[in-house]
Amino acid sequence: GWTLQRYFDQVKMPSRLQAVLAGQAGDYLLPPERVSLLLHVALVGGYDRGAYYPEKHFSHFIDSIVDSIRNTPGCEVLLEHEVKGFGWRGDRIASVETVDGKQFWARRFISNVDPRQTMRLLGRPVGTSRYRRRLSYAYSSSNFTLYLGVRDLDLRDYGFGSYNVWHYPHDDVNAIYRQQVVDRDLSNPWLFLSTPTLHSDAPGLAPPGHQVLEVATSCNYDYFAELARKDRRSYTRAKVAVRDRILTILEAEYVPGLRKHLAMRVAGTPLTNERFCRAPRGNAYGSVLSPEYVFPRVDTDTPVDNLYLVNATAGFPSIGGTVGAGMKLYRRLVGGGATS
């Protein structure tokens with residue numbers, strides 16, 4: 001039940017050391033006063049054992065999984081088949097129906113959609129009141145992202161390399177998060193900076209002579225959603241203002257004259273997450289990783305005996321957490337004598 005801040009206070013840790021040890025807070029988009037201590041320990045402990053990046057970039061990693069599925073008899077990956085509901089046969093699910101009217105029948109179903117959204121797709125209440133309370137979690141923070149294509153300079157000359165850079169305007173990480181998420185003020189944000197083209201020499205992410213700089217920070221979903229509902233132009237202006245503020249910080253602190261070297265710049269808000277990833281409230285990591293939602297997690301099993309969940313909330317977020325939950329469920333189903 002402890003937060004990271006409770007531990008900091010318990011040992012009377014100096015503020016600068018708190019900032020250093022909480023520096024990876026962006027990996028779960030929570031400040032020390034809200035994040036689960038055990039979750040933070042697991043994150044830092046994992047990084048202490050080594051941080052890894054796919055030699056041929058994440059696109060190759062994902063394509064390899066997709067190819068493995070498509071090359072397995074009877075299996076396929078179908079794009080643009082959004083599920084709108086389930087078909088029932090008694091107390092079991094018999095099929096899923098897509099928005100364009102197609103139906104797919106099976107003996108078992110595994111959903112990587114948000115658990116609460118999955119339960120809504122069922123079209124009827126299921127489970128006990130205790131199970132439904134388990135689904136009353138809060139969502140993790142959303143984020144503002146900026147993808148920059150850089151040309152005619154080497155980011156290694158400016159302190160970047162095969163590692164991530166965490167930028168904080170001052171030592172009080174809690175105050176920084178409150179300013180951005182509660183006060184909706186992105187004038188002086190913390191920044192996560194990553195250079196994937198420097199993590200591997202393999203081609204595929206950028207043309208020769210170009211590099212990629214990824215930037216992310218936390219923000220308030222309602223701020224952007226309200227702007228978009230009232231006036232799309234106001235939303236666009238706010239999005240551009242945040243983008244330009246981040247570029248100003250990058251030029252002042254890291255790469256002078258960066259704007260002159262941009263071949264591409266693409267910004268995303270919480271609404272981008274919601275639109276392209278169907279992430280409720282634009283959340284980045286499923287349910288919020290505060291103590292009350294970390295243990296116990298939403299289980300992979302559901303009240304419907306042939307429906308299972310695997311995602312950032314029924315498991316843990318990030319590629320390791322999600323893939324790990326999927327592997328665990330697979331071993332349990334196959335090890336128990338179930339057929340695929």
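Just so we're clear, the structure is a prediction, and the values are computed from it rather than from any experiment. Residues: numbered from 1 along the sequence shown.
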Handout entry: Side-chain donor/acceptor of N174 to backbone N/O of E33, under 3.5 Å
Key = yes
Handout entry: ring-ring contact (aromatic ring centres under 6.0 Å, His included) partners for Y308, two or more places apart
Key = none
Problem - Main-chain N/O of V113 paired with N311 side-chain donor or acceptor, under 3.5 Å - result: yes
Exercise for the section: Give a yes or no on whether the backbone of I319 and the side-chain of T322 come within a donor-acceptor separation of less than 3.5 Å. Expected result: no
Exercise for the section: Check whether any side-chain heavy atom of T272 sits under 4.5 Å from a side-chain heavy atom of T145, and report yes or no. Expected result: no
Completion exercise
Between the CZ atom in R116 and the OG atom in S136, the distance rounded to the nearest 0.5 Å is 7.0 Å
Practice task
Would you kindly say whether E226 and Y235 are connected by a side-chain donor-acceptor distance under 3.5 Å?
Solution key: no
Handout entry: Heavy-atom check, side chain of V255 versus side chain of L213, under 4.5 Å
Key = no
Exercise for the section: Kindly check if the number of other-residue, nucleotide or ligand heavy atoms within 6.0 Å of CG (N71) is above 12? Expected result: yes
Handout entry: Gap separating the OG atom of S187 from the CD atom of Q180, nearest 0.5 angstrom
Key = 8.5 Å
Practice task
Check whether any side-chain heavy atom of S141 sits under 4.5 Å from a side-chain heavy atom of N283, and report yes or no.
Solution key: no
Practice task
Check whether I65 and L329 end up in the same hydrophobic cluster, where Ile, Leu, Val, Met, Phe, Trp and Tyr are linked by side-chain heavy atoms less than 4.5 Å apart.
Solution key: no
Handout entry: Gap separating the CG atom of L4 from the OG atom of S290, nearest 0.5 angstrom
Key = 13.0 Å
Problem - Qualifying salt bridge (charged side-chain N to carboxylate O under 4.0 Å, His left out) pairs with a residue from residues 132-160, counting only residues at least two apart or across chains - result: D154-R156
Practice task
Salt-bridge test for R178 and D183: reply yes if a basic N is under 4.0 Å from a carboxylate O, no otherwise.
Solution key: no
Handout entry: Any donor-acceptor pair under 3.5 Å from S318 side chain to G321 backbone
Key = no
Exercise for the section: Check the hydrophobic clustering (I, L, V, M, F, W, Y; side-chain heavy atoms under 4.5 Å; chains of links allowed) and say if Y147 and L191 are grouped together. Expected result: no
Completion exercise
On a heavy-atom basis, the closest approach of I249 and P189 is CD1-CD, 3.6 Å
Exercise for the section: Could you tell me how the ring of F192 sits relative to the ring of W166: parallel (under 30°), tilted (30 to 60°) or perpendicular (over 60°)? Expected result: tilted
Handout entry: Distance-only donor-acceptor check, side chains R237 and S234, under 3.5 Å
Key = yes
Handout entry: Residue pair D301 / L309, side-chain heavy-atom distance below 4.5 Å
Key = no
Practice task
To the nearest 0.5 Å, tell me how far E251 CD sits from L258 CG.
Solution key: 5.5 Å
Exercise for the section: Measure the OH-CG distance between Y53 and L198 for me, rounded to the nearest 0.5 Å. Expected result: 10.0 Å
Problem - Gap between atom CZ of R16 and atom CG of L21 - 0.5 Å precision - result: 12.0 Å
Problem - Donor-acceptor pair, side chain of R259 and main chain of D244, under 3.5 angstrom - result: yes
Practice task
Answer yes when R278 and D114 have at least one side-chain N-carboxylate O distance shorter than 4.0 Å, and no when they do not.
Solution key: no
Practice task
Check the side chains of N273 and N143 for a donor-acceptor pair under 3.5 angstrom, ignoring hydrogens and angles.
Solution key: yes
Handout entry: Backbone N/O of V288 and side chain of S140: donor-acceptor pair under 3.5 Å
Key = no
Problem - Side-chain ion pair, R70 and E76, N-O less than 4.0 Å - result: yes
Exercise for the section: Check the angle between the aromatic planes of Y137 and Y139 and answer parallel, tilted or perpendicular using the 30° and 60° thresholds. Expected result: perpendicular
Practice task
Identify whether L186 and V215 are in the same connected component of the hydrophobic contact network (ILVMFWY, side-chain heavy atoms under 4.5 Å).
Solution key: yes
Exercise for the section: Flag the pair V150 / L262 as yes when at least one side-chain heavy-atom distance between them is below 4.5 Å, and no otherwise. Expected result: yes
Problem - Nearest atoms (heavy-atom pairs only) where L271 meets R232 - result: CD1-NH1, 4.5 Å
Exercise for the section: For the residue pair T3 and Q5, confirm or rule out a side-chain donor-acceptor distance under 3.5 Å. Expected result: no
Handout entry: Validation row: Y7, H40 side chains within 4.5 angstrom (heavy atoms)
Key = no
Problem - N/O donor-acceptor pair under 3.5 Å between H57 side chain and S59 backbone - result: no
Handout entry: Hydrophobic cluster membership, I110 vs I93, 4.5 Å side-chain cutoff
Key = no
Problem - For A325 against G315, the heavy-atom pair lying closest together - result: CB-CA, 4.1 Å
Handout entry: Minimal non-hydrogen separation, H210 against A206, with atom names
Key = O-CB, 3.8 Å
Practice task
Would you check if the side chain of K239 reaches a backbone N or O of A267 as a donor-acceptor pair within less than 3.5 Å?
Solution key: yes
Practice task
Compare all side-chain heavy atoms of T98 with those of L78 and state whether any distance is below 4.5 angstrom.
Solution key: no
Handout entry: hydrophobic_cluster_shared for L122 and V96, side chain cutoff 4.5 Å
Key = yes
Handout entry: W190 vs S218 side-chain heavy atoms within contact, under 4.5 Å
Key = yes
Completion exercise
Smallest heavy-atom separation, L29 atom then Y177 atom, equals C-CE2, 3.6 Å
Practice task
Report yes or no: does Y168 contribute a side-chain atom to a donor-acceptor pair with the main-chain N or O of G23 at less than 3.5 Å?
Solution key: yes
Handout entry: Minimum heavy-atom distance between Y221 and R281, given as atom pair plus value
Key = CD1-O, 3.1 Å
Practice task
Please work out which of the three classes, parallel, tilted or perpendicular, describes the rings of Y254 and F160, given edges at 30° and 60°.
Solution key: tilted
Exercise for the section: Without swapping roles, check the side chain of R297 against the backbone of A314 for a donor-acceptor pair under 3.5 Å. Expected result: no
